[in-house]
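Notes follow the structure.
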Amino acid sequence: MSIVSAFFPPMIACTCLVYYLLPHRFRWGWLLAVSYIFYLTFDVRYAVFLLISTFSTYISGILISNSATAGKKKLWVVLTCVLNFGVLIVFKYLKFLGSAYAVIASAVGIKASSPTFTLLLPIGISFYTFQAITYTIDVYRGDVKPEDHFGKYALFVSFFPTLVSGPIQKAKEMLPKFDEVHEFDYEKARRGGLLILYGYFQKMAVADRLGVVVDTVFGHPAQYQGAVSVLASLFYTLQIYFDFAGYSNIAIGVSEMLGFDLKANFNRPYFSETVQEFWRRWHVSLSTWFRDYLYIPLGGNRCSVPRQALNLMIVSGVCGLWHGPSFAFLAWGLLHGSYQVIGKFTRRFRNGLWKKLGVNPASGQLHVPRVAATFLLVSFAWIFFRMNSLRNALAFIQGMFRFDLPALWNGAIFNLGLSAPEFCAVCIGILVIWVVDSLSRKMDLRDWILRRGTAVRWSFYVATVLVLLTFGIYGEATSTQQFIYAKF
Amino acid sequence: MTEKKALKKAVLKSCAFAAIIGILITMLSPVFIWKTMHRGKLQEGMYDSDDQYDVIFMGSSHMNGGVDPNVLWKEKGITSFNYATGGQPIEVTYYLLKDILKKHKNPVVVLDVFYLGMTTQYGEFSYLSNSIDNMDFSWNKLEAIWNCVPLGDRISYLFPFLKYHFRWSSLQKNDLTFDNASVYYAKGFEASTDRYGKDISSVQKTENRIDIPPESLDYLNKIVALCKEQNCSLMFVNMPCDYSDTDGAATYVDDFEALFNSVADYADEHGIPFLDFYDRMDEVNLDFANDMHNASHLNLNGAYKVSDYFADYLMQNYNLTDHRSDSAYAQWDADFQKSQVASILS
């Protein structure tokens, strides 16, 4: 069941109502049932994969805690990782690995062709595999006690608000929450509702509308160039943020309504001064996963400079591939790795340069240029992320440098799938999100709204829902954009 | 506030909020719905006009552009209305007929049976929308939505705003000012003036029979029962069509001629007259190349020939009154002057 389907809001309402009517001891069962029904509406076969991940990591917790020696504990961790990542690799990456082999083999003169088979790819597998593995590793590290209750553990892996596209939860943070007794909190429910509304606005009214232009231009890169290509690239930069942040806000809002407090997954990432900072603000749950479960075990920052650089590149490359089985995703990841390596190891030199120019690098003077530069670097990298192949990405980039500035004012931009009123609407939408993001830095905006009088609040609620229903991209008459991150 | 009180408050306020949104989008729906001939004719013919009809025509696009009430009026003074819409599944025809018969009493019901040959469970999205979205809200409309629309789409038929909201960027003055009565003169008929230019590829003749698809049969039985209950005479009709145009289409039976043999048997069994114009093309002097606008639809010329034949047939076989000399029907003369057919008869 897609979150933009008409069934989702009533499903949430029903889930919350029954949740709070049930005694605490039955609530885990209700949420587990809802989570599995939610997942099975995509495809009943997906349950097999979810159960493999759930069962294997659950058992690993018991085996690790019952193992007498560190060696044996490590063995169970390795075996569990091999099984879970093995399933992920086979069903998500086998075809890519076959293609990679074919490319390498052809380069050295061996005859090989790219595989043509298609395997079932369960939606959300990358998310829940990572989430489940946190349990195995957290038990190994002693950060969380092994969970006896299989049902509660299964709920941790399958928790429906975060199952398909995150935010990825860590076992040590999430498991204890299922033992909390949640009393219905009217204020919390309202706050959750507001966040859900905002998430839908980001996704349906703005991201999906940006996607119309993005799909047109990125779908036919040879037909477009210059300013139009640049515009589409900028639109994609915004689309992917609004789409994913929107989904995350819906997931966090739903969880909040159920009494579960989840951390924010995005923190105004495009206002970052460095790419390193960007990764502290973008898809926070994934970047902290990579930090805690890959980068630090590799040595993190506590090793030689070359080794640090290598660690960054490894993590970035894996992160790229996590997003998709293609060279384009790998390139995207390695580009970000390169940005960080170069940024990290040239910082001293650059700061020295600014000082020589009479600019204090620690002052706020460089904030805007740094943010702009980081935005451009990140935006450029997104081209590889969006394109399905390296070749297409490079062709697109080449096209961007063919001069065609008049396209911005001769009406060409209104032939990309959005009419002038729709273009206007998307610009207003971007402005609204920018204002909300900016205000959220200084105040609790939800609290401010909830403190207004009844007439003002209800007018706001009604207006927001009408805006969503009018300007949102949904329904059979316009194609519904699936969440960009759901295919991971 | 106790937890129970808080939960009760949340539920009540949520329901109130949902109701407010439901009311608002229901009020906005008429603005966003497509303003088409289909909308105008169904709204006028079913609800707004006070005219009573001697004969009503029901069915698909074959009927929509097949029988012209203005010809029946001109030739024999018969009052009639054409409620057919493109791609209208037989189950939708049933629910439309129920609404029509609430206000219009004892007409002769002429049913185009082409869509008995539909084999899919549900009709196509846009065709369903053209008909159901133009029904006024009623228990009958709810039944139509429940029975004729796939589960995932039903909410958008209950609240058509959800279906047409995307039109916000292309709304025109017409969307606020559209007058259903402005198309009433056509009495629901609309045909192309294009000429197909090709003869029928083959005239299929067979003694075979195939079963009427179960869902179609179920609703055909319901239509027969409804007409009996409402004391309406019922007759079946099938318009000229090149069946090879639909051969291999996933949504229809493989052998239309065999199907209509079964329909003829059904009609005989129930004492229902059946005019199959596929077998009577010579009788109406139909020139396929010039009287059809494509392989399966009559053009204005062809519709005139069929309608003229129909006018005679209805007068001879049903107890109908010629209203042409009745001054109460003067508007029908005025409407004829504006009709498509007036341009070819003058």
Side-chain angles (χ1 to χ4, degrees), chain A residues 1-2 5-7 9-10 12-14 16-21 41 181-190 192-193 197 204-205 208-209 212 257 259 414 418-426 454 457-459 461-479, chain B residues 1-29 31-34 122-130 132-133 145 149-172 175:
Chain A
M1 180 195 313
S2 168
S5 85
F7 295 112
I12 295 304
C14 176
C16 290
L17 182 63
V18 174
Y19 178 78
Y20 286 110
L21 288 174
T41 57
V181 179
H182 295 152
E183 266 197 21
F184 179 72
D185 184 330
Y186 186 68
E187 286 309 309
K188 212 169 187 173
R190 292 201 301 171
L197 270 185
M204 285 167 56
D208 285 349
R209 183 154 276 112
V212 173
M257 290 180 95
F414 301 134
L418 291 185
S419 61
E422 288 171 323
F423 215 94
C424 217
V426 89
T454 307
R457 273 189 295 109
W458 275 68
S459 301
Y461 303 153
V462 169
T464 306
V465 171
L466 285 181
V467 161
L468 262 178
L469 294 179
T470 306
F471 299 105
I473 303 275
Y474 65 91
E476 205 170 313
T478 56
S479 57
Chain B
M1 204 189 323
T2 63
E3 189 189 359
K4 257 198 176 137
K5 267 192 179 162
L7 197 55
K8 193 175 174 184
K9 182 179 174 184
V11 168
L12 289 173
K13 286 200 167 181
S14 301
C15 290
F17 183 76
I20 290 171
I21 296 295
I23 290 166
L24 286 173
I25 63 176
T26 299
M27 288 166 63
L28 287 170
S29 287
V31 175
F32 285 78
I33 287 178
W34 293 112
Y122 299 109
E124 199 266 328
F125 173 77
S126 54
Y127 295 146
L128 285 177
S129 301
N130 269 342
I132 297 176
D133 287 346
I145 293 170
V149 174
L151 178 63
D153 294 344
R154 286 172 196 170
I155 187 93
S156 71
Y157 285 81
L158 199 55
F159 300 106
F161 175 84
L162 299 177
K163 191 185 305 179
Y164 300 109
H165 70 281
F166 68 94
R167 294 195 62 229
W168 68 268
S169 60
S170 56
L171 286 176
Q172 292 168 7
D175 287 296

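Order of the sequence lines sets the chain letters (A, B, ...), proteins ahead of strands, with each chain counted from 1.
Residue B:Leu24 touches chain A through its side chain alone, counting heavy-atom pairs closer than 4.5 Å. Both the backbone and the side chain of A:Thr470 come within less than 4.5 Å of a heavy atom in chain B. Contacts of A:Phe7 with chain B are made by side-chain atoms alone, with heavy-atom separations under 4.5 Å and no backbone atom involved. Heavy-atom distances place no part of B:Ser156 under 4.5 Å from chain A, backbone and side chain included. Heavy atoms of B:Lys4 lying under 4.5 Å from chain A are absent altogether.
In this pair, B:Trp34 and B:Tyr164 present their aromatic rings perpendicular. The plane angle is above 60°, beyond the 30 to 60° band.
For the side chain to side chain contact (heavy atoms under 4.5 Å, CB included) criterion with B:Phe32, the lone passing option out of B:Ile25, B:Leu162, B:Asp175, B:Leu171 is B:Leu171.
Between the side chains of B:Gln172 and B:Ser170, not a single donor N or O lies within less than 3.5 Å of an accepting N or O.
Residues B:Thr26 and B:Phe161 are not in side-chain contact: their nearest non-hydrogen atoms beyond the backbone lie 4.5 Å or more apart.
Between the A:Tyr474 side chain and the A:Leu469 main chain, a donor and an acceptor come within less than 3.5 Å of each other.
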